[in-house]
Amino acid sequence: MTSSVEKVLLQIALDLSTDLSKGHHYQKLIDSVKQVLPCDAGALFVLNDKGLLKPVAVSGLSGTVLGLTFVPELHPRLQAILTSRKPVRFDADSELPDPFDGLLESAPDKVIDVHDCMGCSLYVEDKLVGILTLDALDVGAFDNVDPITVETFAALAAATLRNTVLFEALQESNRQQKSVNQLLIEQARSKEGKLVGISPQMQRLRDSICVVANTDYAVLISGETGTGKELVAHALHEQSARADKPMVYINCAALPESLAESELFGHVKGAFTGANANRAGKFEMADGGTLFLDEIGELPLHLQAKLLRVIQQGEVQRVGADRNLLVDVRIIVATNRNLEQEVAEGRFRADLYHRLNVFPIFIPPLRERDGDIPVLAGHILDRVRRQFNLHNLHIHPSCLSRLESFPWPGNVRELEHTLMRAGLRVIQQGNDVIRLMHLGIDEVVPEAKVVTGSPLPGETVPMREQVELFQKRLIEHALEQCDGVWAQAAKFLQMDRGNLYRMGKKLGVK
Ligand SMILES: Nc1ncnc2c1ncn2[C@@H]1O[C@H](COP(=O)(O)OP(=O)(O)OP(=O)(O)O)[C@@H](O)[C@H]1O
Ligand SMILES: [Mg+2]
């Protein structure tokens, strides 16, 4: 090998590890081949997974070649090169057609029937990845070419192909990962929506969120089921400086006992049976962002200890790993348990509780919020209308007052489900007003409750008069709920329509 050849090869080898992103490698390589070997044209092909040859760089050939795809079976020369592990040289008078006939820049009109032609297959770790071809118009041009030089080029070309393909695959998967993340964030946002409510309690809640969002304090959100704890956690993240980073969700109640540690902290390959690859845990995924530990009250005691250590040290150790990784994570937790009581009863670690409870946010139950129910109902109906493309869907005023007096043990979630079900019933009936009978909540509050709720007399009274008075009020109430329709009022009171009508008249109900 001459020293100028060595220099060119060295340059290619150095180029291999730099500037991959610019995508000039193939061209550089083929240009250097022409510099060193006595040829008029060179082409580098990638073999794709369909078995087709795709030129990725050419020199001395028409640029149109880069737009072609070659089926090896139709091009005996290419096929011969592909199927040989050694460089292949074709006789100058070989009968085999040349795939570049008419495409040579220096002889555009000629069928190059007499010329020198050679090529070699490119292997990376025993995998065929492409071929390199060289053509020279001078017969005998390749007579003095050192086979080692050609093989060295082939090795470099193969490495270039492999690096570029790997790099592109990485770039592609990175791009894909980014767009998946973006999509997930957007989906989560549109799904979570905004905190609706005009009550002073909700206003205070919004103020608290605003105050603490932009700090890195741990926040403990508590409240009954369905009060909106998850919604508040999302609002905290969205209003924080970490909003463009992930908020990673963990449901502590659903952590499988055996995999919990690996879920949270990750593991290294071989750490346990089934650990086939390194895997990042939720803590690492949330790095730079927020980790939301939902239902924290359900976290088993031994994991509470591990969690405490990670929070204290700001470092996680993957299961089976011998070094720690620094993580920068803001912690938000939620629970519908009374954690203080859990601590008192030994089910929750006091030290962890104090770490998490830096800024407590309590969401009051729906029944205690003044004025939220009508606004929430409007908000929910709006969604139902949009879902079913309806213009009109309303709540009857008597029905709304029923919603306002109902205790809602399942809070906003229960209100949501009740109204969505009611909306569906109304749509099914071709109506557009939700009435009491559509709600289906009276089964939950039996009438007995209403009866025991009535004031009892403090002095002596005639029984019959009192009973009749109550009956009259009950009928009036039922009629009010049912828009004055006797048939529906009868259903409401679960009695015969005729009997109700007669009783009403007798008691003087208008
Ligand atoms: N203030 C609110 N405005 C609008 N929607 C709300 C509000 N509060 C709760 N919701 C809705 O109610 C449902 C329940 O809320 P969320 O899942 O946040 O409750 P939770 O407190 O986490 O309940 P659980 O303890 O059962 O997990 C969700 O669909 C949520 O969008
Ligand atoms: Mg929740």
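Numbers here are sequence positions counted from 1. First listed ligand is number 1; within each ligand, the first listed atom is number 1.
- Ligand 1 has a nitrogen or oxygen under 3.5 angstrom from a nitrogen or oxygen of L231.
- Only the side chain of L376 comes within contact range of ligand 1, with a heavy atom under 4.0 Å; no backbone atom does.
- Residue G228 holds the heavy atom nearest to atom 19 (O) of ligand 1 of all those in A235, G410, G228.
- Contact detail for H237 and K245: the closest heavy-atom pair is NE2-O, 3.0 Å.
- In summary, the side chains of T225 and N336 do not present any donor paired with an acceptor at a separation below 3.5 Å, with no hydrogens or angles considered.
- Judged by distance alone, the side chain of R242 and the main-chain N or O of G289 form a donor-acceptor pair under 3.5 Å.
- Closest heavy-atom approach to atom 24 (P) of ligand 1 among the candidates E295, R413, R337: R413.
- Looking at L439 and C399, their side chains come closer than 4.5 Å, going by heavy atoms from C-beta outward.
- Side chain of W408 to main chain of L403: a donor-acceptor pair is present (N/O by atom type, distance under 3.5 Å, no hydrogens or angles).
- Scanning both residues, L122 and A158, for their nearest heavy atoms gives CB-CB, 3.9 Å.
- Checked against a 3.5 angstrom limit, the closest N/O atoms of D294 and ligand 1 fall outside it.
- Numbered from 1 in the order shown, with element, the atoms of ligand 1 that lie under 4.0 Å from a heavy atom of M202 read 1 (N).
- For atom 18 (O) of ligand 1, the nearest non-hydrogen atom from the set K194, E230, R369 comes from E230.
- Looking at heavy atoms from C-beta onward, R367 lies out of side-chain contact with F406 at the 4.5 angstrom threshold.
- Of the options N336, T227, L205, the smallest heavy-atom separation from atom 8 (N) of ligand 1 is shown by T227.
- Taking only nitrogen or oxygen atoms, main chain and side chain alike, G226 reaches within less than 3.5 Å of ligand 1.
- Those atoms of ligand 1 that come under 4.0 Å of a heavy atom in V412, given as number and element, are 6 (C), 7 (C), 8 (N), 9 (C), 10 (N), 11 (C), 12 (O).
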